[in-house]
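Below you'll find the structure, written out as structure tokens, and then a few comments.
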Amino acid sequence: MRNNILLPTDFSDNAWSSIVYAMKLFAEQECTFYLFHSLTLKLSTMSNMTKQFSSLTKENAMKELLELKEMAEVSDANSNHRFEIILSFDELTNAIETEIIKNKIDLVVIGTKGAKGVKEFFFGSNSVKIIKKMRLCPVLIVPDEFDFVEPKQIALSTDFNRFFDDKELKYLKLLADMYNLKIRIVHIKDEKHLNDIQKYNIKVLKDHLDNFEISFHWMPDYTKKAEEIKVFIEDLNIDLLVMVNYKHSLIEYIFNEPVIKKIGYQPIVPFLVVPE
């Protein structure tokens, strides 16, 4: 199965870092990587001089995309991989959705921006917009300047209040199979007892992951949920975090925590967000 992976870039170092991570993560998989840049220009209200400038801007963006493709091909001499370039003139999130449909994209991989001195939390407005709006395919967020390390453990964070299907677990299972990963399922426990729906969903999840090494972990709800996830990742040496994004999900709670609403969320490991 060939994976079609969209790699949005603003030609920054952190964008290149996320591209390298994607190439290495899927080194053994057949992939088409789409190097994608969105350049929004409103030409209708521009003067002739401004239009000339915009034309030059387009040319420069296309030149940078071609140079990026050449750099990727040189860095990644992998017969499993091929590279395409896309220059869009639509608003970023709309442009990404268009390309997902047009090129049957399976996964979007983006990098976070640097924290500029804020060590604990920073996600970047584009990342947050893409995560909140994206309902067509999973998004993998790669921390700024994150060096690829072959993953050994992957964490799935869930409250067990919703049913998982094969589509939502596709990339979790693919990665676990590729790297023989241990799957750690973590629940931040804010109830005294699991209800019948939660118990049933645990059973279904076990059935879905029957072929993998899994373990369940309960954490008391003692602090901000973003901080609890961070502690869990550090304590268990988690290499990749997975969450499903749905109404009243943990992602929604995390983004609504006061500190994160103000300055964002900085994942410390790559973070796979799966739409329901």
*Evaluate the criterion side chain to side chain contact (heavy atoms under 4.5 Å, CB included) for residue pair Tyr171 and Val242; output intermediate values, then yes/no.*
CA-CA 9 Å; Tyr171 268 96; Val242 180; over 6 Å; no
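- In this structure, the side chain of Arg2 engages the main chain of Cys31 through a donor-acceptor pair within 3.5 Å.
- Taking all atoms of both residues into account, the shortest heavy-atom contact from Ile185 to Leu205 is CD1-CD2, 3.8 Å.
- Proximity of the aromatic rings of Phe232 and His217 is defined here by a centroid distance below 6.0 angstrom, and this criterion is met.
- In this structure, Ile141 and Pro143 approach most closely via the heavy-atom pair O-CD, 3.8 Å.
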*Hey, mind stepping through Leu92 and Phe36 against side chain to side chain contact (heavy atoms under 4.5 Å, CB included) and telling me if it holds?*
CA-CA 10 Å; Leu92 180 63; Phe36 166 84; 3.9 Å; yes
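- Using a 4.5 Å cut-off on side-chain heavy atoms (C-beta onward), Met243 and Val273 make no contact.
- Between the side chain of Gln198 and the backbone N or O of Asp159, at least one donor-acceptor pair lies under 3.5 Å.
- Within the model, atoms OG1 of Thr32 and CD1 of Ile105 stand 8.5 Å from one another, a figure rounded to the nearest 0.5 Å.
- Take Asn195 and apply the side chain to side chain donor-acceptor pair (under 3.5 Å) test, not counting sequence neighbours, and it matches no residue.
- Note: Asn211 CG to Asp177 CG = 8.5 Å, rounded to the nearest 0.5 Å.
- If you take CD1 on Ile154 and CG on Leu240, they are separated by 4.5 Å, rounding to the nearest 0.5 Å.
- Asp90 and Ser38 get closest at one heavy-atom pair: O-OG, 2.5 Å.
- The salt bridge (Lys or Arg N to Asp or Glu O under 4.0 Å) search around Lys173 returns Asp166, not counting sequence neighbours.
- Salt bridge Asp106/Lys170: present, at least one basic N to carboxylate O contact under 4.0 Å.
- Counting Ile, Leu, Val, Met, Phe, Trp and Tyr side chains that sit under 4.5 Å apart, directly or through other members, Phe163 shares a hydrophobic cluster with Tyr200, Val204.
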*Start with the C-alpha gap between Leu209 and Ile183, add the side-chain angles, then the distance that decides, and say whether side chain to side chain contact (heavy atoms under 4.5 Å, CB included) holds.*
CA-CA 9 Å; Leu209 303 176; Ile183 302 174; 4.1 Å; yes
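- The side-chain tip of Lys69 does not point at the ring of Phe33 from less than 6.0 angstrom away and within 45° of straight on.
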_Please evaluate residues Tyr34 and Glu99 with respect to the criterion side chain to side chain contact (heavy atoms under 4.5 Å, CB included), reporting the C-alpha separation (whole Å), side-chain torsions for both, the decisive distance (0.1 Å), and the verdict._
CA-CA 9 Å; Tyr34 292 86; Glu99 297 306 327; over 6 Å; no
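- In this structure, the side chain of Thr9 does not engage the main chain of His37 through any donor-acceptor pair within 3.5 Å.
- Among residues at least two apart or in separate chains, salt bridge (Lys or Arg N to Asp or Glu O under 4.0 Å) pairs with a member in residues 198-218 are Lys203-Asp207.
- Counting only residues at least two apart or in different chains, salt bridge (Lys or Arg N to Asp or Glu O under 4.0 Å) contacts with residues 233-242 comprise Lys230-Glu234.
- With Asn103 as reference, Ile86 is the one residue of Ile86, Asn4, Leu6, Ile5 to meet the side-chain contact (heavy atoms from CB on, under 4.5 Å) rule.
- For the pair Phe146 and Val269, the tightest heavy-atom approach, listed with the atom from each and the gap, is CE1-CA, 4.1 Å.
- Panel note: side chain Glu91, backbone Thr93; a donor-acceptor pair is recorded below 3.5 Å.
- A donor-acceptor pair is defined here as one N or O able to donate and one able to accept, closer than 3.5 Å; no such pair exists between the side chain of Gln153 and the backbone of Leu181.
- At least one donor-acceptor pair under 3.5 Å links the side chain of Ser75 to the backbone N or O of Met71.
- Qualifying side chain to side chain donor-acceptor pair (under 3.5 Å) partners for Thr98, counting only residues two or more places apart in sequence or in other chains: none.
- Here the closest non-hydrogen pair linking Ala27 and Asn80 is O-ND2, 3.3 Å.
- Distance check: Ile268 CD1 to Ile229 CD1 gives 10.0 Å after rounding to the nearest 0.5 Å.
- Atom-to-atom distance recorded for Lys104:NZ and Ile100:CD1 is 14.5 Å, nearest 0.5 angstrom.
- Looking only at side-chain heavy atoms (C-beta outward), Phe148 and Leu25 come within less than 4.5 Å of each other.
- Between Ser17 and Glu145, the closest heavy-atom pair is OG-CA, 3.5 Å.
- Taking CG of Leu194 as the reference point, atom CH2 of Trp218 lies at 6.0 Å (rounded to 0.5 Å).
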